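The model shown is predicted, which means the values in this text are computed figures rather than measured ones. Excluded from the calculations below are hydrogen atoms, water molecules and symmetry mates; all remaining heavy atoms, backbone and side chain alike, are included.
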Amino acid sequence: MSEFVTLSEIREAKDRIGGVAVRTPLYRVERARLKMLELPEPEFDLYIKAENEQPIGSFKLRGAYNMVSQLSPEARSRGVITYSSGNHAQGVAYAAREVGSKAVIVMPSNAPEVKKVATKALGAEIVEVGPASSERRLKAEELVAEYGYNMIPPYDALQIIAGQATCGLEIVEQLPDVDLVLSPVSGGGLLSGVASAVKLAAEAGLASPNVKVWGVEPELAADARESFYSKKLVEWPAEKTVRTIGDGLRTQSMGVLNFEHVLRYVDGIVTVSEEEIFAAMRAILMATKLVAEPSGAVTLAAALFHARELPPARKVVVILSGGNLEPALRERLEAEMTPSHDA
């Protein structure tokens, strides 16, 4: 592969993951529903790319299977390993099961229980460490050295970027005249892939030449925004990034390859508050009946509450990156949605 993913590599990834990852639908959000919920009514047509409808409940299967499926039979026999707070863990476990390979996952102790259970159910072996993303990466590297596993990184690999890019390719195929695509960003796998696909498709005349791609992250874990605008890759300490409810967006720094793609193809990064994330989660449940985990709701939060910071657009797609919502958190959201009958 080249230093940057190409459109042909993204198309090859699309063919490779077909039949395992699904082509997720694009749902249009009715403005009237948002108005009924007393939420800001956008001045643009709003669409949700429902990656929560993947077999594992998130986009991560795209990149994981794209990389795992390219391993040789000998490499597969040695097993695969990754480090993840949950969704990539499930992606690698699912992909490994598909090709008949052992999967070992290094997870933080504070990962949502729903994600730990799902990962174990897919047959993976889980190794728990502390909450820092750097800690789980180092443990995974230690196990690679000891047992010879194949590392399937969560984001910093061209095969992962090309796999996640298939989401962006689908968006421009489903809505060729899209003006703005909003993607969550943490390690940068999804944002770098989606932005690459959308901009390369535009260069090929398959999308609007003026289409924009922006990243969205919690303001409590805004290392990507700082990196983007300073043009220097920065790392935030774990004690800062773990403050956000968005467990999938607590990575302390973007990957090196991801950052290079982001600088080349992304137009901006905006942050959202914890209150806005909760409001977006409630809106998704009430207005669409889709389910979004906190990390997956940040894009809708940006579209609803930060429209003035975003470029003008007629058609906007927000990527709902995952729907692996903790049952207790869903119960809390639904309780807040239920009108009180107290006197």
Side-chain angles (χ1 to χ4, degrees), residues 5 13 17 21 51 54 56-71 80-96 103-108 110-112 115-116 118-119 122 124 126-144 149-167 183-194 215 217 221 223-224 227 233 235-236 238 241-242 246-262 293 295-296 319 321-322 324:
V5 295
I17 69 175
E51 286 295 290
Q54 290 290 353
I56 63 165
S58 87
F59 75 95
K60 288 286 192 176
L61 182 57
R62 295 176 183 271
Y65 188 77
N66 187 51
M67 189 166 187
V68 171
S69 64
Q70 294 183 69
L71 295 174
V80 298
I81 190 169
T82 195
Y83 46 99
S84 165
S85 65
N87 284 341
H88 183 63
Q90 293 174 66
V92 171
Y94 192 102
V104 178
I105 315 294
V106 181
M107 299 183 76
N110 63 344
K115 295 183 179 181
K116 292 180 185 178
T119 302
L122 290 167
I126 293 177
V127 177
E128 287 194 21
V129 295
S133 58
S134 55
E135 186 176 353
R136 52 185 182 264
R137 175 179 55 81
L138 290 171
K139 183 62 177 179
E141 291 171 349
E142 175 188 316
L143 293 173
V144 167
Y149 299 134
N150 299 277
M151 179 73 81
I152 310 297
Y155 42 84
D156 203 358
L158 289 172
Q159 298 96 325
I160 298 293
I161 296 172
Q164 318 307 23
T166 60
C167 177
S183 166
V185 57
S186 185
L190 183 61
L191 178 60
S192 61
V194 166
E217 67 182 343
D223 60 280
S227 294
L233 191 58
E235 180 176 323
W236 278 27
T241 62
V242 297
D247 63 277
L249 303 178
R250 292 172 179 163
T251 301
Q252 295 162 243
S253 176
M254 275 193 286
V256 174
L257 287 172
N258 311 100
F259 185 50
E260 292 172 355
H261 282 73
V262 164
E293 61 186 87
S295 305
I319 301 175
S321 56
N324 293 312

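- The line from OG1 of T166 to CD1 of I161 is 13.0 Å long, rounded to the nearest 0.5 Å.
- The closest side-chain heavy-atom distance from V104 to Y149 is below 4.5 Å.
- Shown here for P154 and Y83, the closest heavy-atom pair between the two residues is CG-O, 3.1 Å.
- L190 is not listed as a side-chain neighbour of V185, based on a closest heavy-atom distance of 4.5 Å or more.
- With rounding to the nearest 0.5 angstrom, the CG atom of N150 is 5.0 Å from the CG atom of L71.
- Ion pairing of E128 with K116 is present here, as a side-chain N (NZ or NE/NH1/NH2) and a carboxylate O approach within less than 4.0 Å.
- Classification of R137 and E141 as a salt-bridged pair holds, one side-chain N sitting under 4.0 Å from a carboxylate O.
- Atoms CZ and OG, from F59 and S321 in turn, are 6.0 Å apart once rounded to the nearest 0.5 Å.
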**Q.** Evaluation steps, side chain to side chain contact (heavy atoms under 4.5 Å, CB included), between V92 and V80
**A.** CA-CA 8 Å; V92 171; V80 298; 3.7 Å; yes

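- Taking the charged nitrogens against the carboxylate oxygens, R250 and E217 have no contact shorter than 4.0 Å, which rules out a salt bridge.
- When side chains are defined from C-beta on, Q70 counts as touching N66, because their heavy atoms get closer than 4.5 Å.
- With rounding to the nearest 0.5 angstrom, the CZ atom of R136 is 7.0 Å from the OG atom of S84.
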Q: For S253 and W236, run side chain to side chain contact (heavy atoms under 4.5 Å, CB included): C-alpha distance rounded to whole Å, both residues' side-chain angles, the deciding distance at 0.1 Å, then the answer.
A: CA-CA 7 Å; S253 176; W236 278 27; over 6 Å; no

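- At a threshold of 4.5 Å between non-hydrogen side-chain atoms, the residues L158 and L257 count as touching.
- Residues K60 and H88 come closest through the heavy atom pair CG-N, 3.5 Å.
- In the model, N87 has a side-chain atom that pairs as donor or acceptor with a side-chain atom of N324 under 3.5 Å.
- Within the 4.5 Å cutoff, side-chain heavy atoms of I160 are placed close to those of I152.
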(Q) One pair to check against side chain to side chain contact (heavy atoms under 4.5 Å, CB included): Q164 and V5. What are the steps and the verdict? (A) CA-CA 11 Å; Q164 318 307 23; V5 295; over 6 Å; no

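- Residues N258 and S192 come closest through the heavy atom pair ND2-OG, 3.3 Å.
- Two residues are said to be in side-chain contact when any heavy atoms from C-beta on lie closer than 4.5 Å; T82 and V106 fail this criterion.
- Scanning all heavy atoms of the two residues, the minimum distance from L249 to P184 falls at CD2-CB, 4.2 Å.
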